[in-house]
2 protein chains.
Amino acid sequence: MVTSGRRRRVTISDVASHAQVSVTAVSKVIRNATGVSPAMRDRVKTAIEELGYRPQAVARGMRGRTFTIGLMLPHIRNPFFADILDGLTAYLENTDYQAFMIQGGATRKVERRAVDALVDRQVDGIIMVAPLASKARLEEVAKEKPTVVLARHEGSAFYDSVYDDDEAGAELVVKHLIELGHRRIAHITHQDDSQAPPADLLHNIRAATYERVMREHGLADEIAIATSFYNEQGGYDGARELLGRSPRPTAIFAGADQAALGTLAAVHDMGLSVPQDVSVAGYDNIHLAALSNITLTSVDQDGAVMGRAAGKLLLERIEGRMTAVRFSVTPSLVVRGSTAPPGGSAGAPSTAVTR
Amino acid sequence: MVTSGRRRRVTISDVASHAQVSVTAVSKVIRNATGVSPAMRDRVKTAIEELGYRPQAVARGMRGRTFTIGLMLPHIRNPFFADILDGLTAYLENTDYQAFMIQGGATRKVERRAVDALVDRQVDGIIMVAPLASKARLEEVAKEKPTVVLARHEGSAFYDSVYDDDEAGAELVVKHLIELGHRRIAHITHQDDSQAPPADLLHNIRAATYERVMREHGLADEIAIATSFYNEQGGYDGARELLGRSPRPTAIFAGADQAALGTLAAVHDMGLSVPQDVSVAGYDNIHLAALSNITLTSVDQDGAVMGRAAGKLLLERIEGRMTAVRFSVTPSLVVRGSTAPPGGSAGAPSTAVTR
DNA sequence: GGAAACTTAAATAACGTTACCCATCCAGAT
DNA sequence: ATCTGGATGGGTAACGTTATTTAAGTTTCC
């Protein structure tokens, strides 16, 4: 007889009857609650061991916690997000919580659906990289669940924020290029259908900082921005557009490494070389940037630290903290071979870190 | 007064009283169950609309389904996994199910913990890329939850398998290199602490196929394998080792694109060039491989199709199918500029697809 | 020696949903 | 008029866990 086939899961009452104690007693032991004698504790623990019992998060959820935290990322193609997840996972390792990732997407609708899905599953808290939602929407979520928002700069009384100091990072890049002697420095930025105030979004901050620093150095007339996307194709398209202009820029600051990789390809396709004809710099310092055949100058923001911080702040909120915290990470510039003085002076590219 | 602050969620009984009907009736409408009049349906639906009610997956879970499916991936740094997730997400888009991702990791213990976490959350089904677990362990999981295993070749009566025909793919690469005239073709493979039978794991299949094809072409003496890891660092280390041998190989088949990227860097570091001094080929055809400054010859396996297939098979299993299905994807070779005849005959690299 | 004060264990009532069963209603057949 | 039967709506008992309350011992102290 082939019944449904799946065997019934061991429950708390199986443990209770096996140990010949009450269900309550078992629950107390699981939760490390007070009022349980050492003898009882041992008895229950061996029963749990023998039966291989693990509590069912769903049932616990009905009474409060699911010991689950939800991480919403727009997508997983950006390796920088992997650093965040690793940092978070490492932090949660010696807690009872488990992190689950859900993919947002390119539209507000999908992003919203993803966050709703987390709330509907009764996660204990939410960490999200949500570039598309309005602040009001984020606060709405935060009123329902403890929330930490990553990579957005706005503060809110209802959620914690963890972000990179993108202004400092962008400034490092642009100043570095200026110090090398570049004047025609172009920038590739990102655009989406966000409802957030522009000033809260990292790509706008990077772009605005680029403009500011250019102006501060008397280069207002040289400002050239291509608006596309922070991915390979976007970087490729943006670079082609910028390099098609006359006079041609001598340096391109791509707002993200993914776009910088596309930029490198575009430069190559146009028969130019890096850094002799064009210097290229990115942002994020993804692993690939360090490979010697790419050797991309980039801004390092410590994703693992951000993930860890987000985890810590979220658990604090779950434990009851109601005041808002903002945590900002200071980036550093990693100079590699893709940037050099303009005009073809080759020279062996060296690697150095500036803070 | 600052109470706990979070507002109570709308429940099914709120909807019921608002619509002045029974809880049962609301439940029926939600589930599209029979025995509900059109009038009732409308009434309830407007009440749901007005209150913004969404069912709580956790509570539904206690009675059966959570409408959640769990995807376990070893990590998210491999962009190929992003394709799988995208395919799966696309497939689930017009179902009631939501996919959540949990990260496995580099050790069996972590991998096991991740899968347990999914089971403990009562997901309705599990899709996993689990290279470390033993087959017995996978079957144990499959007995508890509907399961689809990705990227492993073994069949099982208890779960479905979705995998790339790695033998065909590896054969395409090695034959391509041989046809170009290469004889000293080396391979970089991967090693981990898996408990799976070697023959079930894709990296072993790729390596074994490499050896077989070499032998079949009278190149048994030229077989050279470096054992490291399928990531940038692994590819770099493996390539350095292989290129240090004398005589030096004229072509390297890295078992994965991530490793191939490291290989490209190693070749560059040793002052050699691709494809003049060394041809390099990878596997996975990640987006980066197409960039013109990388232009890596690679084997394309359609991750989106695999993700979609996995989703479809899993839902079938959830609906009750008990017989096992194996779904294999046929790969194709994408020839790019990183492979050319040995001996420095440059020539404009062309792009072509062979099936 | 007995009340007060603890400590320990168990009984019980939720949490939000669904599946099963029963009651009612009305149409059509006798 | 009575009966049968299908359609519709609602009552209720679970699902596995935890928090609160209650009961039963066991000390402690005058």
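Letters A, B, ... are given to chains in the order of the sequence lines, protein chains preceding strands, and every chain is numbered from 1.
A/Glu154 and A/Tyr159 are linked by a side-chain donor-acceptor pair at a separation below 3.5 angstrom, with hydrogens and angles left out of the test. Of the N and O atoms on the side chains of B/Ser37 and B/Arg41, not one donor lies less than 3.5 Å from an acceptor on the other residue. Side-chain atoms of B/Ser156 and B/Glu139 form a donor-acceptor pair, as typed in the model, at a separation below 3.5 Å. B/Gln98 and B/Thr68 form no side-chain donor-acceptor contact under 3.5 Å, judged by distance and modelled atom types alone. B/Tyr163 and B/Arg326 form a side-chain donor-acceptor contact under 3.5 Å, judged by distance and modelled atom types alone. A side-chain N or O of A/Tyr97 and one of A/Arg65 form a donor-acceptor pair less than 3.5 Å apart.
Comparing D/dG10, D/dT18, D/dA19 by their nearest atom to the side chain of A/Thr24 picks out D/dA19. Checked against D/dT18, D/dG10, D/dG9, the side chain of B/Val21 finds its nearest nucleotide in D/dG10.
Counting 5' to 3', DNA chain C first comes under 4.0 angstrom of a heavy atom of chain A and last does so at the ends given by C/dT8 to C/dG16.
When each of B/Met62 and B/Lys28 is assigned the nucleotide of DNA chain C bearing its nearest heavy atom, the one mapping closer to the 5' terminus is B/Met62. Projected onto DNA chain D by closest heavy-atom contact, B/Pro38 and A/Phe67 fall at different nucleotides, the more 5' of which corresponds to B/Pro38. In this structure, B/Val23 and A/Gln20 both approach DNA chain C, and ranking their closest nucleotides by distance from the 5' end singles out A/Gln20. Along DNA chain D, the nucleotide closest to B/Ala59 and the one closest to A/Val26 are compared, and the more 5′ of them pairs with B/Ala59.
Heavy atoms of B/Thr11 sit under 4.0 angstrom from primed sugar atoms or phosphate atoms, though from no base atom. B/Val58 comes within 4.0 angstrom of no nucleic acid atom, judged by non-hydrogen atoms across all strands. Nucleic acid contact for B/Ser27: base, since at least one base atom lies under 4.0 Å from a heavy atom of the residue.
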With the criterion being N/O to N/O and under 3.5 Å, what pairs connect the protein with nucleotides 22-26 of chain D, and how long is each?
none

Practice problem: Using the salt bridge (charged side-chain N to carboxylate O under 4.0 Å, His left out) rule, take A/Arg77 and B/Asp83 through it: C-alpha gap first, then chi angles, then the decisive distance, then the call. | Solution: CA-CA 9 Å; A/Arg77 222 171 277 280; B/Asp83 294 338; 2.9 Å; yes

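With hydrogens and angles ignored, a donor-acceptor pair closer than 3.5 Å exists between the side chain of A/Arg63 and the base of D/dT18.
For residues 99-109 of chain A, the side chain to side chain donor-acceptor pair (under 3.5 Å) pairs, not counting sequence neighbours, are A/Gln103-B/Asp86.
With B/Met128 as the fixed residue, the side-chain contact (heavy atoms from CB on, under 4.5 Å) test singles out one of B/Leu71, B/Leu150, B/Val141: B/Val141.
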